[in-house]
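Labels below follow one simple rule: chain letters A, B, ... track the order of the sequence lines, proteins then strands, and each chain is numbered from 1. Reckoned from all heavy atoms, side chains included, excluding hydrogens, waters and symmetry mates.
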Number of protein chains: 2
Amino acid sequence: MNPLEIPEIVIRRLPLYLRTLNLMAAQGQTVTSSQEIGERLGISSTQIRKDLSYFGEFGKQGTGYNIEYLREQLRQILQVSQRWKVALIGAGDLGRAVLRYSGFEEGGFEITAVFDKDEQKIGRQIGKLKVLDIAKLHEVIREQGICIAIIAVPASEAQEVADALVNAGIKAILSYAPLPLRLPSNVQVHYIDPVIGLQSMTYYLSPEQI
Amino acid sequence: MNPLEIPEIVIRRLPLYLRTLNLMAAQGQTVTSSQEIGERLGISSTQIRKDLSYFGEFGKQGTGYNIEYLREQLRQILQVSQRWKVALIGAGDLGRAVLRYSGFEEGGFEITAVFDKDEQKIGRQIGKLKVLDIAKLHEVIREQGICIAIIAVPASEAQEVADALVNAGIKAILSYAPLPLRLPSNVQVHYIDPVIGLQSMTYYLSPEQI
DNA sequence: TAGATTGTTAATCGATTAACAATC
DNA sequence: TAGATTGTTAATCGATTAACAATC
């Protein structure tokens, strides 16, 4: 029951369960089962029940899970009931796409500051936000009490940005830069690298398809 | 030695090794060791040697691995020595960011066609490509002999697009839409969902940081 | 040669799943 | 009640790692 004992692989699946429940709720469904969730995700029902059992008992024998209730429980476990403020570094094509993607908002995240070092971009308005000078990173992050950041700068600048973020007090980083960041162990990090995904699929393609 | 027996989790790590070797080569390094690769990636040297041993013997006792040689071997294993043609569906903010990202090119992929259903976008020039009408999806994919696609359309349209892609002969899909696609088992799929990554990090953040 | 590092085996560790009592 | 589904235990399965001979 100590959170430290819960395998990370279990934590990584919880957002998938939450996302599935959100979709079901959006379609007006009120009750589901571990089997139904599993079918949607390609995961066994046993695994879903086992994963949830790390945190408590959320279902009823014979009937399954109340979707609204389980959603709220998962939101609380993942700490996404409240909205988190997020800083975005990089206002290039990728940064702008991140900024305009509505999924963050729905997932419990609000990008409240965007930074770039390019003078051409600084001061430019993107949606509700004005691009800030990266020189103000520390100041703004501290002022707003932000502890999550998204890195959307070129690989060559990512480590430097990460260092500045850690220095400003950031505790979780989502990085789109295709290289591993050197970070203190108390800072969470996840990477998004589409090329890695593609390259592990081409392994399975038959040679005649090239 | 039968490819079918190699665990998928091993295949998923190979692109990381390749990426690391690429970075080393770019810095002019010519030789490395399993320990050095492991340190960069946060993976044990034993695991790297074990993973590579599924495919052959690529190193020399006492000296390690020739970077150029191991790179080329990994490229061949992953089938990314040749350039793959890729179709991109969706020319919104995300699609444009994907199109302008140079990492695909470097990873062995060339986006050779981009589609959208929005008449406002069809015909527009993005970099070297003109946005095509999604009605021409089947025709163009067959003509060009494309077998990999990237989905960058809203979640509500992703399944429909996926069905059309499968119908056109696509064998591998990278989807940015935050939901699981229903696909034939002979079609590879990988998902990119940044919110999932963020939500599994917030679990570990201490509540006072909210 | 001595030191370094590989490739591989066997042991360990951890995750998944089968089975089932409990109960709605 | 009978059927369905949960939560949990124990068994199985698979991945990681420790140890080491081989050898550059």
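Residue contacts shown for S45(B) are absent, as no nucleic acid heavy atom lies under 4.0 Å away. Within the 4.0 angstrom heavy-atom criterion, only backbone atoms of the sugar-phosphate kind lie near S33(A); the bases stay farther away.
In this structure, dT5(C) forms a base pair with dA22(D), meeting either the Watson-Crick or the G-U wobble geometry with both donor-acceptor distances under 3.5 Å. Judged by Watson-Crick or G-U wobble contacts below 3.5 Å, the nucleotide dA10(D) has dT17(C) as its partner.
What separates CD1 of I48(A) from P of dG7(D) is a distance of 12 Å, to the nearest Å. As a whole-Å value, the separation of E36(B) CD from dT6(C) P is 10 Å. One interatomic measurement links the two molecules: OH of Y54(A) to P of dT16(C), which rounds to 8 Å at whole-angstrom precision. To the nearest angstrom, P of dG7(D) lies 13 Å from NZ of K50(A). dC13(D) atom C1' lies 17 Å from atom CD of E8(B), rounded to whole Å. Taking atom CD1 on I43(B) and atom P on dA18(D), their separation rounds to 15 Å, with Å as the unit. Counting to the nearest Å, the P atom of dT17(D) and the CG atom of L52(B) are 15 Å from each other. Between R13(B) atom CZ and dT17(D) atom C1' there is a gap of 12 Å when expressed in whole angstrom units.
No side-chain donor from either of Q73(B) and E68(B) sits under 3.5 Å from a side-chain acceptor of the other. For the residue pair E139(A) / Q144(A), no side-chain donor-acceptor distance below 3.5 Å is found, with atom types taken as modelled. In this model, no donor atom of one side chain and acceptor atom of the other lie less than 3.5 Å apart for S81(A) and Q76(A). For Y17(A) and D51(A), the side-chain atoms include at least one donor-acceptor pair closer than 3.5 Å.
Within the structure, every side-chain polar atom (N or O) of Y65(B) is placed at least 4.0 Å from both OP1 and OP2 of dC24(D). When the side-chain nitrogen and oxygen atoms of S44(A) are compared with OP1 and OP2 of dT17(C), one or more of them lie within a distance under 4.0 Å. The phosphate of dA4(C) has neither OP1 nor OP2 within less than 4.0 Å of any side-chain N or O from Q61(B).
Nearest to the side chain of S34(A), among dT6(C), dT6(D), dA19(C), sits dT6(D). The side chain of R49(A) approaches dG7(D) more closely than any other nucleotide in the set dA18(C), dG7(D), dC24(D). Side-chain atoms of Q47(B) lie closest to dT16(D) of the nucleotides dA19(D), dT16(D), dG7(C). Of the listed nucleotides (dT8(D), dG7(C), dC24(C)), dC24(C) has the atom at the smallest distance from the side chain of K60(A). In this structure, the nucleotide among dA19(C), dT8(C), dT6(D) sitting nearest to the side chain of E57(B) is dT8(C).
Using a cutoff of 4.0 Å between basic side-chain nitrogens and carboxylate oxygens, R182(A) and D163(A) are not scored as salt-bridged.
Of the two residues near DNA chain C, D51(A) and T63(A), the one whose nearest nucleotide lies more 5' is D51(A).
Note that CD1 of I151(A) is 10.0 Å distant from CG of L88(A), once rounded to the nearest 0.5 Å.
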